[in-house]
Amino acid sequence: MFFWPAAVARPSYRLQAINQFNLVADSGGVRVVTCQYCHLSPNGGAFWNAFGDRVRSSFKGSIGEALYQALVAMEDSDGDGYADVLEVFAGTLPGDARSKPLVRAQFLWQALEKAGGVDIYKPR
């Protein structure tokens, strides 16, 4: 079984996801981006959702590369009909089937391609 200590992983991994996915960071003490991109709990820690498991399976030393590889896989981790990359692009949670975009997947694919495709999420 693979285990990442939550105390070590949480801040730097979350900050990487915020930067790489062009998300809104914390503002005024309010958590805008929750740990629920990858975890079941909004506070992070063990247990991961389906997208978090995909990121963990892609991890080979760089969280940025693992996040990117999880999106390049073009999978729908939570089974809601939207590929993980589309959910990140739309600002919804790729590991939670209750959180999904309000527009059709076809529209999101076109918008993502116009923005530069999945490569807009390459680690910097």
Side-chain angles (χ1 to χ4, degrees):
M1 185 167 162
F2 193 81
F3 176 73
W4 287 340
V8 173
R10 192 163 146 215
S12 62
Y13 289 6
R14 186 167 166 268
L15 290 175
Q16 178 66 33
I18 288 169
N19 291 331
Q20 192 166 336
F21 293 168
N22 303 307
L23 303 171
V24 178
D26 290 352
S27 173
V30 176
R31 181 168 282 172
V32 178
V33 178
T34 73
C35 296
Q36 286 177 294
Y37 260 82
C38 295
H39 298 269
L40 293 177
S41 167
N43 296 320
F47 301 103
W48 289 265
N49 61 35
F51 179 70
D53 283 338
R54 183 169 310 282
V55 171
R56 290 175 67 217
S57 72
S58 300
F59 192 86
K60 296 186 178 37
S62 164
I63 186 59
E65 188 61 29
L67 291 167
Y68 177 66
Q69 290 304 317
L71 299 182
V72 168
M74 298 295 173
E75 297 292 332
D76 176 10
S77 294
D78 59 13
D80 63 3
Y82 291 87
D84 299 334
V85 68
L86 292 183
E87 292 215 54
V88 169
F89 186 69
T92 59
L93 300 174
D96 182 350
R98 298 167 297 173
S99 171
K100 57 185 171 184
L102 298 176
V103 297
R104 292 182 316 195
Q106 180 182 356
F107 172 81
L108 287 173
W109 280 119
Q110 291 170 349
L112 176 64
E113 287 306 313
K114 188 175 181 179
V118 70
D119 284 347
I120 65 173
Y121 299 116
K122 273 189 175 178
R124 337 184 206 1

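Fair warning: this is a prediction, and the values are worked out from it, not measured in the lab.
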Q. What is the minimum heavy-atom distance between P123 and Q16, and which atoms define it?
A. CB-NE2, 4.5 Å
Q: Look up atom CZ in F59 and atom CG in L67, then write down how far apart they are to the nearest 0.5 Å.
A: 9.5 Å
Q) Between the main-chain N or O of N19 and the side-chain N or O of R124, is there a donor-acceptor pair closer than 3.5 Å? A) yes
Q.
Determine whether a donor-acceptor pair (N or O, by modelled atom type, separation under 3.5 Å) exists between the side chain of D76 and the backbone of D80.
A. yes
Q | Side-chain heavy atoms of T92 within contact of L102, under 4.5 Å | A | no
Q) Is the side chain of N49 donor-acceptor paired with the backbone N or O of D96 at a distance under 3.5 Å, no angle test? A) no
Q) Which atom pair, heavy atoms only, marks the closest approach of G81 to A105? A) O-CB, 4.3 Å
Q | Residue pair R56 / W48: nearest heavy atoms and the distance that separates them | A | NH1-CE3, 3.3 Å
Q. In Å, rounded to the nearest 0.5 Å, how long is the span from CG of L93 to NE2 of H39?
A. 12.5 Å
(Q) Using every non-hydrogen atom in the two residues, find where L71 and V88 come nearest and quote the distance to one decimal. (A) CD2-CG2, 3.8 Å
Q.
For a 4.5 angstrom cut-off between non-hydrogen side-chain atoms, does L86 reach P101?
A. no
Q: Provide the closest heavy-atom pair for S77 versus A50 in the form atom of the first, atom of the second, distance.
A: O-CB, 3.2 Å
Q. Quick one: does Q36's side chain have a donor or acceptor within less than 3.5 Å of a partner on L40's backbone?
A. yes
Q) Are D119 and Y68 close enough that a side-chain donor and a side-chain acceptor fall under 3.5 Å? A) yes
Q | Side chain to side chain, E65 and S58, heavy atoms closer than 4.5 Å | A | no
Q: Can you see which heavy atom on A70 is nearest to which on R54, and at what distance?
A: O-CD, 3.7 Å
Q. Roughly how far, to the nearest 0.5 Å, is CG of L108 from NZ of K100?
A. 12.5 Å
Q: Return the orientation label for the Y37 and F21 ring planes: parallel under 30°, perpendicular over 60°, tilted otherwise.
A: tilted
